[in-house]
Amino acid sequence: MLDPHLFRSDLEFVQTQLKRRGCDFDADFYTDIENRRKAIQVKTQELQNERNLSSKAIGQAKAKGEDVQPLLDQVQGLGEQLKAAATELGDIQAQMQSLMEGLPNLLDATVPEGNDEDDNIEISRWGEVPEFDFEIKDHVDLGAMHKGMDFETGAKITGARFVVLRSNIARLQRAIIQFMLDTHTDEHGYSETYVPYIVNADSLYGTGQLPKFADDLFKVSEDPDLYLIPTAEVPVTNIVRNEIVAADEMPLRMVSHTPCFRSEAGAYGKDVRGLIRQHQFEKVELVQVVKASESEQAHEDLTEHAENILKKLKLSYRKVLLCSGDTGFSSTKTYDLEVWLPGQEAYREISSCSNFKDFQARRLKARWRNPETGKPELVHTINGSGLAAGRALVAIMENYQTAAGDIVIPEVLQPYMGGMKVIKAT
RNA sequence: GGAGAGGUGGCUGAGUGGCCGAAAGCGGCGGUCUUGAAAACCGUUGAGGGUUUAUCCCCUCCCAGGGUUCGAAUCCCUGCCUCUCCGCCA
């Protein structure tokens with residue numbers, strides 16, 4: 001949610017900034033609601049004040065043993081007026097709320113203009129794109145060859161976009177996860193965090209998935225409304241919901257491995273083959289909760305932490321700055337890391353690192369106490385995948401394949417594979 | 001699943017329908033004292049919002065949502081959560 005004060009002080013700025021993301025904000029409509037809100041709120045509070053004073057007077061008169069009937073007659077009808085005013089105020093506030101919560105975050109000044117992923121800007125590339133002197137296979141064929149990746153059985157058990165992994169391929173995914181968790185905790189200063197995989201609606205509202213993106217979620221319960229997490233971002237970030245974090249605990253750096261569940265509504269034609277786009281996948285997520293003054297640096301750092309995993313795995317990747325049209329609803333600025341997939345001869349997203357500034361914090365009521373002022377201030381939240389484990393598995397299988405169909409295990413993963421160096425095809 | 005107890009400020013914990021945004025203690029902050037520190041003593045110390053240049057003033061909040069009342073932390077209803085005992089269980 002955006003800062004309401006900004007709307008009152010510089011509506012034009014808000015409007016032009018929202019236009020950057022193709023959001024047509026009706027300033028007149030807003031102004032109308034805001035003016036009505038102001039008027040009815042003042043009126044309601046005046047009535048409340050009147051009621052409070054009268055009630056106090058009645059209490060005092062009663063204590064003295066005086067006749068309170070005249071006073072009671074005086075407040076006759078006040079209750080009705082108040083109720084009407086309060087109802088009207090509630091309606092207007094609800095209107096204002098739904099207007100505000102539907103608005104995306106304002107973009108950082110450094111975000112390039114553009115409509116879709118074609119307008120994203122490549123910041124850097126790392127590593128050599130591997131060249132093969134044989135006919136390569138993609139991960140689906142390799143997975144089948146190794147009897148380690150079985151989409152048919154996944155479809156039988158559940159449906160499309162589910163998979164069964166077996167033996168060394170399953171183990172390789174687990175090794176990737178373990179390696180990533182260890183690297184982030186031991187080298188990057190994150191605290192390992194285990195969280196629920198089912199969350200309530202308040203949590204999803206806090207991070208911005210609800211109310212707008214309910215279609216992308218799997219709902220597992222009505223009353224109470226509960227959902228499977230689409231990313232660990234949701235439970236981990238919600239740790240600070242309704243909290244005032246002590247200054248000496250800042251910044252918070254948390255890393256969490258969870259499965260992620262996405263209905264992928266609106267992606268029916270995309271990536272139907274293989275492991276790239278599943279309803280259930282494993283991911284290691286990095287979350288930082290920081291002071292406003294530190295968030296831009298923290299965003300750069302967090303992105304580097306994710307990049308570091310790709311470097312250690314010796315996977316070629318590029319870093320992309322998302323353009324205005326491709327940046328997510330809650331984000332001010334997002335870097336995507338795209339890993340080279342030989343099977344697709346393309347760079348594909350394996351991490352997305354975003355700075356939400358105070359947008360989530362305002363929804364979450366997540367604050368920290370600034371010792372300089374003694375006052376609570378909204379935190380800034382930053383998160384990124386570090387990395388998507390399923391896609392990392394795909395990348396390793398495809399980049400490390402041999403002519404015989406073996407999969408060479410990256411050196412850093414070998415300790416997690418019991419010292420194994422190669423997964424043999426036979 | 002069965003039975004009971006309870007949710008109050010950063011924490012512990014009192015609270016008779018009006019004088020309660022809330023005793024007391026701890027903690028925090030400021031001061032006195034001290035070369036400095038500790039102790040002691042004194043003072044101060046919740047959040048959000050409205051109006052305002054600002055101060056003042058006002059409103060809301062004692063788990064959440066409804067209700068009763070001129071007036072609710074306090075009474076009533078619903079929900080959520082926590083704890084204890086029993087049962088079951090990885």
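Predicted, not measured: the structure shown is a model, and the values here were computed from it. Letters A, B, ... mirror the listed sequences (proteins, then strands); counts begin at 1.
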If we take the C1' atom in both B:rG17 and B:rG27, what is their distance in whole Å? 33 Å
Could you give the distance separating B:rG13 and B:rU68 at their C1' atoms, to the nearest angstrom? 30 Å
Check the orientation of A:Phe7 and A:Tyr30. Use parallel for under 30°, tilted for 30 to 60°, and perpendicular for over 60°. tilted
In whole Å, measure the gap between the C1' atoms of B:rG65 and B:rC81 for me. 15 Å
Of the candidate nucleotides B:rC70, B:rG48, B:rU51, which contains the atom at the shortest distance from the side chain of A:Arg8? B:rU51
What's the gap between B:rC41 and B:rU84 when it is taken at their P atoms, as a whole Å value? 38 Å
Among residues at least two apart in sequence or on other chains, which ones pass ring pair (Phe, Tyr, Trp, His ring centres under 6.0 Å) with A:Phe179? none
Watson-Crick or G-U counterpart of B:rU74, or none if no pair lies under 3.5 Å: none
Distance in angstrom units between A:Ile58 CD1 and B:rA72 P, rounded: 12 Å
For B:rA47, does OP1 or OP2 lie under 4.0 Å from any side-chain N or O of A:Lys375? yes
Counting only Watson-Crick pairs (N1-N3 plus N6-O4 or O6-N4) and G-U wobbles (N1-O2, O6-N3), all under 3.5 Å, who is the partner of B:rU35? none
Gap separating the CG atom of A:Leu217 from the CG atom of A:Leu210, nearest 0.5 angstrom: 5.5 Å
For RNA chain B, determine which residues of residues 92-104 of chain A have any heavy atom closer than 4.0 angstrom to one of its atoms, and list them numerically. none
With rounding to whole Å, what would you report as the distance between B:rC75 and B:rC88 at their C1' atoms? 39 Å
For A:Val42 and A:Ser54, find the nucleotide of RNA chain B closest to each by heavy atoms; which residue's nucleotide sits nearer the 5' end? A:Val42
Using a 3.5 Å cut-off and no angle test, enumerate the donor-acceptor pairs between side-chain atoms of residues 140-147 of chain A and protein atoms at least two apart in sequence or in another chain.
unit_1, atom_1, unit_2, atom_2, d
A:Asp141, OD1, A:Arg273, NH2, 3.2
A:His146, ND1, A:Lys424, O, 3.4
A:His146, NE2, A:Gly405, O, 2.8

Under 3.5 Å on both distances, the Watson-Crick or G-U partner of B:rU16: none
Just list the side-chain donor-acceptor pairs under 3.5 Å for residues 393-401 of chain A, sequence neighbours left out, or say none.
unit_1, atom_1, unit_2, atom_2, d
A:Glu398, OE1, A:Gly343, N, 2.8
A:Glu398, OE2, A:His139, N, 2.8
A:Glu398, OE2, A:His139, ND1, 2.9
A:Asn399, ND2, A:Trp340, O, 2.9
A:Asn399, ND2, A:Ala395, O, 2.8
A:Tyr400, OH, A:Leu313, O, 2.5
A:Gln401, OE1, A:Lys137, N, 3.0
A:Gln401, NE2, A:Lys137, O, 2.8
A:Gln401, NE2, A:Glu398, O, 2.9

If you measure from the P atom in B:rC26 to the same atom in B:rU44, how many Å do you get, rounded? 16 Å
It should be established whether A:Lys56 places a side-chain nitrogen or oxygen under 4.0 Å from OP1 or OP2 of nucleotide B:rG71. no
Pairwise ring-ring contact (aromatic ring centres under 6.0 Å, His included) hits with a residue in residues 150-176 of chain A, at least two apart: A:Phe162-A:His279
What one should report as the nearest heavy-atom pair of A:Ser256 and A:Thr193 is OG-O, 2.7 Å
Whole angstrom value for the distance that separates P of B:rC70 from CD of A:Glu80: 11 Å
Rounded to the nearest angstrom, tell me the gap between atom NZ in A:Lys38 and atom C1' in B:rC58. 16 Å
Measure CZ/A:Arg367 against C1'/B:rG10 and give the value in whole Å, please. 13 Å
By ring pair (Phe, Tyr, Trp, His ring centres under 6.0 Å) - contacts of A:Tyr335 (at least two apart): A:His299
Name all residues meeting the salt bridge (Lys or Arg N to Asp or Glu O under 4.0 Å) criterion together with A:Glu338; count only those two or more places apart in sequence or in a different chain, and write none if there are none. A:Arg318
Using the ring-ring contact (aromatic ring centres under 6.0 Å, His included) rule, collect all pairs that involve residues 356-382 of chain A, keeping only residues at least two apart or in two chains. A:Phe329-A:Phe359
Pairing partner of B:rG43, by Watson-Crick or G-U wobble and under 3.5 Å for both distances, is B:rC29
Is there a Watson-Crick or G-U wobble partner for B:rC83 with both distances under 3.5 Å, and if so, which one is it? B:rG4
Could you tabulate the donor-acceptor pairs under 3.5 Å formed by side-chain atoms of residues 163-170 of chain A, not counting sequence neighbours?
unit_1, atom_1, unit_2, atom_2, d
A:Arg166, NH1, A:Asp150, OD2, 3.3
A:Arg166, NH2, A:Asp150, OD2, 3.3

Residues within residues 236-253 of chain A bordering RNA chain B, heavy-atom distance below 4.0 Å: none
Whole-Å gap separating P (B:rU51) and CG (A:Asn35): 11 Å
Can you tell me how far C1' in B:rC20 sits from the matching atom in B:rG31, rounded to whole Å? 29 Å
Between A:Lys83 (NZ) and B:rU68 (C1'), how many Å, whole number? 10 Å
In terms of ring plane angle, is the pair A:His184 and A:His188 parallel, tilted or perpendicular, where the classes change at 30° and 60°? tilted
Protein-nucleotides 59-63 of chain B N/O pairs closer than 3.5 Å?
unit_1, atom_1, unit_2, atom_2, d
B:rC59, OP1, A:Asn49, OD1, 3.1
B:rC59, OP1, A:Asn52, ND2, 3.0
B:rC59, O3', A:Gln48, OE1, 3.1
B:rC59, O2', A:Gln48, OE1, 2.6
B:rU60, OP1, A:Arg51, NH2, 2.7
B:rU60, OP2, A:Asn52, ND2, 3.4

Strictly by Watson-Crick or wobble contacts shorter than 3.5 Å, is anything paired with B:rU69, and which nucleotide is it? none
Whole angstrom value for the distance that separates P of B:rC70 from CG of A:Leu78: 11 Å
On RNA chain B, more 5' by nearest nucleotide between A:Pro224 and A:Gln41 is A:Gln41
Among the nucleotides B:rG50, B:rG18, B:rA47, whichever has the atom closest to the side chain of A:Arg369 is B:rA47
For A:Glu377 and B:rG48, what is the distance between atoms CD and P respectively, to the nearest whole Å? 11 Å
Need one value for A:Arg37: base, sugar-phosphate or nothing, where a base atom within 4.0 Å counts as base even if backbone is also close, heavy atoms only. sugar-phosphate
Look up atom CG in A:Asp216 and atom CZ in A:Arg262, then write down how far apart they are to the nearest 0.5 Å. 8.5 Å
Across every strand shown, the nucleotide meeting Watson-Crick or G-U wobble geometry with B:rA90 (both distances under 3.5 Å) is none
Could you give all pairs that pass the salt bridge (Lys or Arg N to Asp or Glu O under 4.0 Å) test and reach residues 379-393 of chain A, with sequence neighbours left out? none
How far, in whole Å, is B:rG21 from B:rG48 if one measures between their C1' atoms? 13 Å
